[in-house]
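First comes the structure, then the notes that go with it.
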Amino acid sequence: YFRERGIRDDMIERFQLGYAPENRHAFTDTALKGGYKSEFLVKTGLTIERDGQLFDRFAGRVMFPIHSLSGQIIAFGGRTLSSDKSVAKYINSPESEIYHKSKTLYGIFQARKAIMQHDKCYLVEGYLDVISMHQAGIENVVASSGTSLTNDQIRLIKRFTNNITIVYDGDPAGIKAALRGIDMVLEEGLNVRIVLLPEGDDPDSFCRAHHPSEVIDFFSKNETDFVLFKARLLLNEAQNDPIKKATLISDIVQSIAVIPDPIVRSVYVKECAVLLQT
């Protein structure tokens, strides 16, 4: 599976990727023999207890360990290799005493030095997006792992930089997702930029289809300031309809209003006034 996705050995090692055997007892039996207590295996969601029997949660799946900020493995994501549509494509560790999904970002341990070095963090959606971008030489990247962005995740990024660039698929769903997360990031006082990929691409497929230098070049040339991105997008929707334009102005004003810094707010108001000719 990793070979098919073009993932190199050094990335497999860096992210400690692996595989859980198909035998539903292989992991649990090995862990118990190694001295691990069944109650902890169940509490962390690695093992499922049903009718007095213990089963492996991730049997037959490619494994993506989720690391804490200090590099300890606190949870897992597992992707099925089965083509059976009734089998969930991804399953994740449940919440536990050591793992809180809303407070965790995939790849933060591997990215933190690069985030500080570049004073910027790229935000993507999935595990493979992070790994493919690392492989393309962009290491200051983390993923929200399929969950909607939370305040705790934004604050985690803010510990390392005030600059965040959100990378989204260029389809309508990706654009709507970009707009949803923006106001929360602004409210925390971060500077937000957007990169929209060509329609049909996600960061993983885009990185695999292009040379690393092309990826870096595309990102630097296509980063857009969030207000201009939102204004142009909504302006395009509104066309010459005055009611839609009024709604659009209200929408953008609401985004600007959450920015805590009054100077930054006033700059955005002026920029939007010019853009919207108000």
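Nothing here was measured: the structure is a model prediction, and the numbers come from that model.
Between the CG atom of L17 and the CD1 atom of I131 there is a distance of 4.5 Å, given to the nearest 0.5 Å. Atoms CG and OG, from L186 and S255 in turn, are 6.5 Å apart once rounded to the nearest 0.5 Å. Once rounded to the nearest 0.5 Å, the distance linking CD of Q117 with OG1 of T161 reads 12.0 Å. Note that the OG1 atom of T47 and the CG atom of L32 stand 7.0 Å from one another [nearest 0.5 Å]. Separation of atoms CD1 (I166) and CG (L149) is listed at 6.5 Å; rounding is to 0.5 Å. The CG atom of L196 sits 4.5 Å away from atom CZ of F229, with the distance rounded to the nearest 0.5 Å.
Residues in residues 36-56 take part in these ring-ring contact (aromatic ring centres under 6.0 Å, His included) pairs, two or more places apart or across chains: H25-F55. Applying the salt bridge (charged side-chain N to carboxylate O under 4.0 Å, His left out) definition to pairs two or more places apart or across chains, none involves residues 128-137. Contacts classified as salt bridge (charged side-chain N to carboxylate O under 4.0 Å, His left out) and involving residues 202-221 (residues at least two apart or in different chains) are given here: R5-D204, D204-R208, D217-K221. Sorted by first then second residue, the salt bridge (charged side-chain N to carboxylate O under 4.0 Å, His left out) pairs that include residues 254-275, not counting sequence neighbours, number zero. Identified under the salt bridge (charged side-chain N to carboxylate O under 4.0 Å, His left out) test for residues 148-166, with sequence neighbours left out: D152-R155, R155-E188. Residue pairs meeting the ring-ring contact (aromatic ring centres under 6.0 Å, His included) criterion with at least one partner in residues 183-207, sequence neighbours excluded, are F206-H210, F206-F218.
I12 and F109 sit in two unconnected hydrophobic clusters of ILVMFWY residues. Membership requires side-chain heavy atoms under 4.5 Å apart, directly or through other members.
A donor-acceptor pair shorter than 3.5 Å can be found between the side chains of N191 and N163. No side-chain N or O of Y127 forms a donor-acceptor pair with one of R79 less than 3.5 Å apart.
In this structure, the side chains of C121 and I115 come closer than 4.5 Å at one or more pairs of heavy atoms. Contact check for Y19 versus L81: side-chain heavy atoms found under the 4.5 Å cut-off. A heavy-atom distance below 4.5 Å is not found between the side chains of K120 and F160.
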Do any side-chain atoms of residues 58-68 form donor-acceptor pairs under 3.5 angstrom with protein atoms, and if so which ones, sequence neighbours left out?
| unit_1 | atom_1 | unit_2 | atom_2 | d |
| --- | --- | --- | --- | --- |
| R61 | NH1 | G78 | O | 3.2 |
| R61 | NH1 | A88 | O | 3.1 |
| R61 | NH1 | K89 | O | 3.2 |
| R61 | NH2 | A88 | O | 2.8 |
| H67 | NE2 | Q16 | OE1 | 2.6 |
| S68 | OG | S70 | N | 3.3 |
| S68 | OG | S70 | OG | 3.1 |
| S68 | OG | G71 | N | 3.4 |
| S68 | OG | Q72 | N | 3.1 |
| S68 | OG | Q72 | O | 3.4 |

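Between E95 and K43, none of the side-chain N atoms (NZ, or NE/NH1/NH2) sits under 4.0 Å from a carboxylate O, so this pair counts as no salt bridge.
In this view, S86 and D84 satisfy the side-chain hydrogen bond (donor to acceptor under 3.5 Å, both in side chains) rule, not counting sequence neighbours. Remark: S213 pairs with H211 by the side-chain hydrogen bond (donor to acceptor under 3.5 Å, both in side chains) rule, at least two apart or across chains. Under the rule for a salt bridge (Lys or Arg N to Asp or Glu O under 4.0 Å), the partners of D251 that lie at least two apart in sequence or sit in another chain are K230. Every side chain to side chain contact (heavy atoms under 4.5 Å, CB included) that Q254 has, sequence neighbours left out, goes to S250. With sequence neighbours excluded, the residues satisfying side-chain hydrogen bond (donor to acceptor under 3.5 Å, both in side chains) with R193 are E223.
The heavy-atom pair separating R14 from E139 by the smallest distance is NH1-OE2, 3.3 Å. A136 and I216 get closest at one heavy-atom pair: O-CD1, 3.9 Å.
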Take T104 and I74 through the test side chain to side chain contact (heavy atoms under 4.5 Å, CB included) and record every step on the way to the result. CA-CA 10 Å; T104 307; I74 53 173; 4.1 Å; yes
Run the side chain to side chain contact (heavy atoms under 4.5 Å, CB included) check on N92 and F76 step by step: do they pass? CA-CA 6 Å; N92 299 294; F76 292 92; over 6 Å; no
